[in-house]
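Structure first, then comments.
Numbers here are sequence positions counted from 1. All values reported here derive from a predicted model rather than from experimental measurement. Just follow the structure's listing: the first ligand is 1, and inside any ligand the first atom is 1. These numbers come from the heavy atoms of this one structure, side chains and all, not from hydrogens, waters or symmetry mates.
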Amino acid sequence: MTEQEKIELRDRILAVQERIARAAEQAGRDPKEITLVAASKMNDAERVRAAIAAGITVCGENRVQELLEKYEQNAYEGADLQFIGTLQTNKVKYLIGKISLIQSVGSVHLGEAIAKEAAKRGVRQDILLEVNIGREQAKSGLLLEELDEAIARLSEKESLHIRGLMAIPPIADETTKNLSYFHEMRQVFVDILTKKYDNVNMDCLSMGMTNDFETAIACGANMVRIGTAIFGARPYQIVSP
Ligand SMILES: *Cc1c(COP(=O)(O)O)cnc(C)c1O
């Protein structure tokens with residue numbers, strides 16, 4: 001990275017932090033309540049390190065192989081590392097011990113695999129349950145009607161700690177910015193909170209990405225996962241003319 005690229009990265013991070021703070025204040029909330037997770041996929045160890053040097057405190061990766069490679073290169077030193085992508089049960093073993101939170105637990109089956117691996121290592125793994133709020137065929141995640149049973153079953157696992165919910169709604173529409181989905185998520189989050197399950201702490205409501213994070217914050221998100229606005233467009237996002 002050139003010095004100029006580092007300055008640009010720092011400026012983008014500051015701009016995102018400021019937008020988060022403004023959105024929080026507009027919603028009458030303390031900006032400190034909102035955790036910014038830098039979605040660092042496809043950015044190499046050097047860029048991740050530069051982002052951490054510029055103030056990023058949490059990184060989220062969504063491919064196990066890529067995470068392991070960058071982990072070996074000490075990319076995440078000084079930051080908290082989380083997993084936010086689709087996870088196959090046979091890859092869980094590579095993550096336990098390296099990540100603080102698995103945000104993308106979209107099935108009881110996956111939750112059970114994580115519980116088993118965590119128990120084997122004698123640790124308690126924090127997880128978020130991923131909700132397929134847009135009911136999209138191609139997306140993983142629990143449907144709303146499956147959520148209660150998933151919580152009941154996974155909260156029995158002593159090696160798991162359910163810390164909240166995560167959602168990736170459909171690609172944000174420019175005008176509504178997923179407002180109705182975010183509202184619905186907030187409602188579900190509060191419902192679970194009031195049910196006071198044992199072994200469940202509804203601390204995190206993770207929703208909002210580059211195109212819609214301000215709307216998500218307005219609707220109660222306290223964790224946003226942002227890639228493009230921090231690192232710039234990923235190679236496959238750059239459309240050639
Ligand atoms: C890439 C990614 C993000 C961030 O997306 P941007 O639109 O680039 O901000 C958030 N969450 C998940 C799960 C991702 O894979």
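Under a 4.0 Å N-O distance rule, the pair Glu25/Arg29 does not qualify as a salt bridge.
Here is the list of ligand 1 atoms found below 4.0 Å of a heavy atom in Asn62: 14 (C), 15 (O). Heavy-atom contacts of Lys41 reach the following atoms of ligand 1: 1 (C), 2 (C), 3 (C), 14 (C), 15 (O) (cutoff under 4.0 Å). Annotation for ligand 1: atoms under 4.0 Å from non-hydrogen atoms of Thr228 are 6 (P), 7 (O), 8 (O), 9 (O).
In this structure a side-chain-to-backbone donor-acceptor pair under 3.5 Å is missing from Asp198 to Ser155. A donor-acceptor pair under 3.5 Å links the side-chain atoms of Lys139 to the main chain of Ile168, judged by distance alone. Not one N or O on the side chain of Ser40 forms a donor-acceptor pair closer than 3.5 Å with the backbone of Cys59.
Scanning all protein heavy atoms for the shortest distance to atom 12 (C) of ligand 1 gives Ile84 CD1, 3.7 Å. Nearest protein neighbour of atom 11 (N) of ligand 1, counting heavy atoms only, is Arg225 NE, 2.9 Å. For atom 10 (C) of ligand 1, the closest non-hydrogen atom of the protein is Met209 SD, 3.1 Å.
With atom 6 (P) of ligand 1 as the reference point, the heavy atom nearest to it among Val16, Thr210, Ile226, Val37 is part of Thr210.
Connection of Leu193 to Met223 is not established within any shared hydrophobic cluster, with ILVMFWY side chains joined at heavy-atom distances below 4.5 Å, either directly or through further cluster members. Under the 4.5 Å side-chain heavy-atom criterion for ILVMFWY residues, no single connected hydrophobic cluster contains both Met42 and Val58.
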What do the steps show when you test Asp80 against Thr35 for side-chain contact (heavy atoms from CB on, under 4.5 Å), and what is the final call? CA-CA 11 Å; Asp80 189 41; Thr35 302; over 6 Å; no

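Side-chain atoms of Glu61 and Ile84, non-hydrogen and from C-beta on, never get closer than 4.5 Å to each other.
Counting heavy atoms under 4.0 Å from ligand 1, residue Ile168 touches it through the side chain alone. Contact annotation for Gln103 and ligand 1: no heavy atom of the residue comes within less than 4.0 Å of the ligand.
Close N/O approach between Ala39 and ligand 1 is not found [any backbone or side-chain N/O within under 3.5 Å]. Checking only distances, Asn211 never comes within under 3.5 Å of ligand 1, N or O to N or O.
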